[in-house]
Amino acid sequence: MSALKIKKGASSHSVYDLRDSHSQVESSHTLAVIVDNEAGALARVIGLFSGRGYNIDSLTVAEVDHKGHLSRITVVTRGTESVIDQIKAQLGRIVPVHEVKDLTVEGTPVERELALLKVAGTGDKRVEALRLADIFRANVVDSTLESFVFEITGPSAKIDAFADLMRPLGLMEVARTGVAALSRGV
Amino acid sequence: MARQMTGAKMVLQALKDHDVDTVFGYPGGAVLPIYDEIFQQNDIRHILVRHEQAAIHMAEGYARSTGKPGVALVTSGPGATNAVTGLTDALMDSIPLIVFSGQVATFMVGTDGFQEADTVGITRPCTKHNWLVKDTEKLAETIHQAFHIATSGRPGPVLIDLPKDVQFATGTYREAKAARVDHYQPQVKGDIEAITRLVELMETAERPVFYTGGGVINSGPGASQLLRELVDGTGFPITSTLMGLGAYPASGKSWLGMLGMHGLYEANLAMHGCDLMINLGARFDDRITGRTSDFSPKSTKVHVDIDASSINKIIHVDLPIIGDIGHVLEDALKIWKARGRKTNAAAVAKWWAKIDTWKKVNCLAYTGSEKTIKPQYALERLEALTKDRDRYITTEVGQHQMWAAQYLGFEDPNRWMTSGGLGTMGYGFPASIGVQIAHPDSLVINVAGEASWLMNMQEMGTATQFRTPVKQFILNNERLGMVRQWQELLHGERYSSSWSESLPDFVKLAESFGWKGMIVSDPADLDDAIMEMINHDGPVLFDCLVEKHENCFPMIPSGKPHNEMLLSADAEAFKGGGALV
Ligand SMILES: Cc1ncc(C[n+]2csc(CCOP(=O)(O)OP(=O)(O)O)c2C)c(N)n1
Ligand SMILES: [Mg+2]
């Protein structure tokens, strides 16, 4: 169980600097949750979010340390500061959870997502799709005479923008991995 | 020393290694190998219940009254699903339990086999942790980890799901000390700087109050001892949640009584008006805070809790201290003494004078009767006639539970078992059997409502079989009293399905199970009847016919702040006020 790591500071009558006011503003946070790679660990994390009514905007999971038997779950969630604090504290209670890192608090993290987009079309539309793909540095990973599958990597917003442009050009299907994220520096 | 044995034998071996003397359970196909092992040994006693829900509540009663974890054993499918209410109850009230469930063989899992249920899936949200053990080699270590997790940090129930082939197979038994538990090590020592700040706040506070909860009880008898020392040393008033009763003695001079929805007037107003609130192991439950935006508006709030997620969950506090109550109290006392045992005595005396004016309201006063037994009167008499005995009290859920909390006094921790967080009707009777099993020579009384009591009445057979002389003190108002009270106050007196119809003849029912049955309706007979109940060497079903439409006051209607509490006289004016939950 991870203790609340509240930074020490000074406020009127608190040894800890909790927060200036109880802000009602929602913000997006990217959390990295290091868990034992065991059956049910992901279900516990997801069950916590659904059971307590928290948002999940994106979720990815994969083993990152084979010897240590550890997986990394990256969750992008939204909420007021106090909800985000609750989410972190609740995640910390889950027994197989080793660590909860709030990458958003540590500074803007490096975030990447991979997407595959199938775009069908002929003539001008097909040419335009290919031109835009080039601008976005998307790769063609499959092609027929009437379709392309593009592979694109980047922050989620870039993928959103690319998908928006492809829509009028014959976007058929999108598959996205969800966000993988690391904090910057050491 | 590693030894080879079957999975079923490992279960018994591990229980012995963890000093378990009692298992509450019910057999079925998927746990027969374990029952076969139980049959072939004499160290661990198995209490055969009549319904798995009751096994869990018994284990809870056992755990809460001893401070040791409770152990239960159920079969797969329906056995496991019947345990769910008890597990949820134990999770809400932080009761350490280790529950074993049988499961179909590993090669059958996922095939909708006979009596297969996704037990780890179903119980994931109602346990602190759970495991499906697929390999006998891992079983011993899992059981050791289960004991560690159930009992450390904020305690709670854990479940181990055991496929039948894993019970039959042979594997290596690993000793408890070899089990890996390193990554789950909750912080018990509080931050010394923060504790020093708490002491500073105590030195200058003008209107302080201690607000204590179940965490003090869970921290062990040492924590209650330290609490008494700190409270009596500072002279600060103290109130407690339903779950924390007994941590500070009811006869103590600083005791304000319970707080919350049906808490005492003086306790709630002290919470509302204080300038320093010291929360020790309580969790700002909605039954305590009322409307959170108006909760204790002028106080600096300190919250000591072993569970970081309890802090700032409902009420924002100024000084959080994460740690075990006993450890934090020990440090706080040490620092307070070293700094010269200072308090703002003059201001605190003024604060007490104010509190004394609230006490004069005498909020527990009720209109007595010569003709019918008032439930409050019944509890006053029960208190007077039993308080000097070696006594344990359990309750069911409803008005009687709140009256018991108001009118009975608890001098020590672990003497009061009630379903607080989940509010489970049917808890008290099996819990009383669990307590009696742990304390065979003590007086164990379940203060019950007739409706709640019926929810687990099948356990009469268990009490008879295992010779537990539990006393079932039923305040029979022939009503789902608490529901009826809300309907009276909030739903225009439309009493929708809140009658207890077709009740049994409790005396005959008792006799049919070999119990003593008693029925009392005249206040003049009450004392003698209570003495007869106490003196009977065996279980007693005491049908105490009480006033049917009595309301439980004080009451803070939900969604209202503490200073808008209803006393009995205000109720008439309030009718139709509307409440949310
Ligand atoms: C299992 C369960 N079902 C429903 C409720 C809702 N409930 C709370 S109190 C109550 C009435 C309890 O009646 P009784 O046991 O006779 O106690 P009384 O209030 O009359 O003292 C009910 C139905 C509950 N707490 N638990
Ligand atoms: Mg009743």
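Here is how names work: the chains are called A, B, and so on, in the same order as the sequence lines, proteins then strands, and each is numbered from 1.
Residues B:Gln145 and A:Val95 fail the side-chain proximity criterion, which asks for heavy atoms closer than 4.5 Å. Looking at heavy atoms from C-beta onward, A:Leu48 lies out of side-chain contact with B:Arg124 at the 4.5 angstrom threshold.
In plain terms, the two heavy atoms of B:His183 and A:Asp36 that are nearest each other are CE1-OD2, 3.7 Å. B:Ser309 and A:Ala89 get closest at one heavy-atom pair: CA-CB, 3.5 Å.
Of the listed residues A:Ala43, A:Ala39, A:Gly47, the one with more heavy-atom pairs under 4.5 angstrom with chain B than any other is A:Ala43.
For A:Lys125, the NZ atom sits in a loose shell: 12 or fewer heavy atoms of surrounding residues, nucleotides or ligands are nearer than 6.0 Å. Around atom CZ of B:Arg339, more than 12 heavy atoms belonging to other residues, nucleotides or ligands sit under 6.0 Å away. Counting non-hydrogen atoms of other residues, nucleotides and ligands closer than 6.0 Å to CG of A:Asp164 gives a total above 12. Summarising the local packing, NZ of B:Lys313 is surrounded by more than 12 heavy atoms from other residues, nucleotides or ligands at distances under 6.0 Å.
Interatomic distance, CZ of A:Arg44 versus CG of B:Asn130, reported as 4.5 Å (0.5 Å rounding).
Using a 4.5 Å cut-off between heavy atoms, A:Gln90 touches chain B through backbone and side chain atoms alike.
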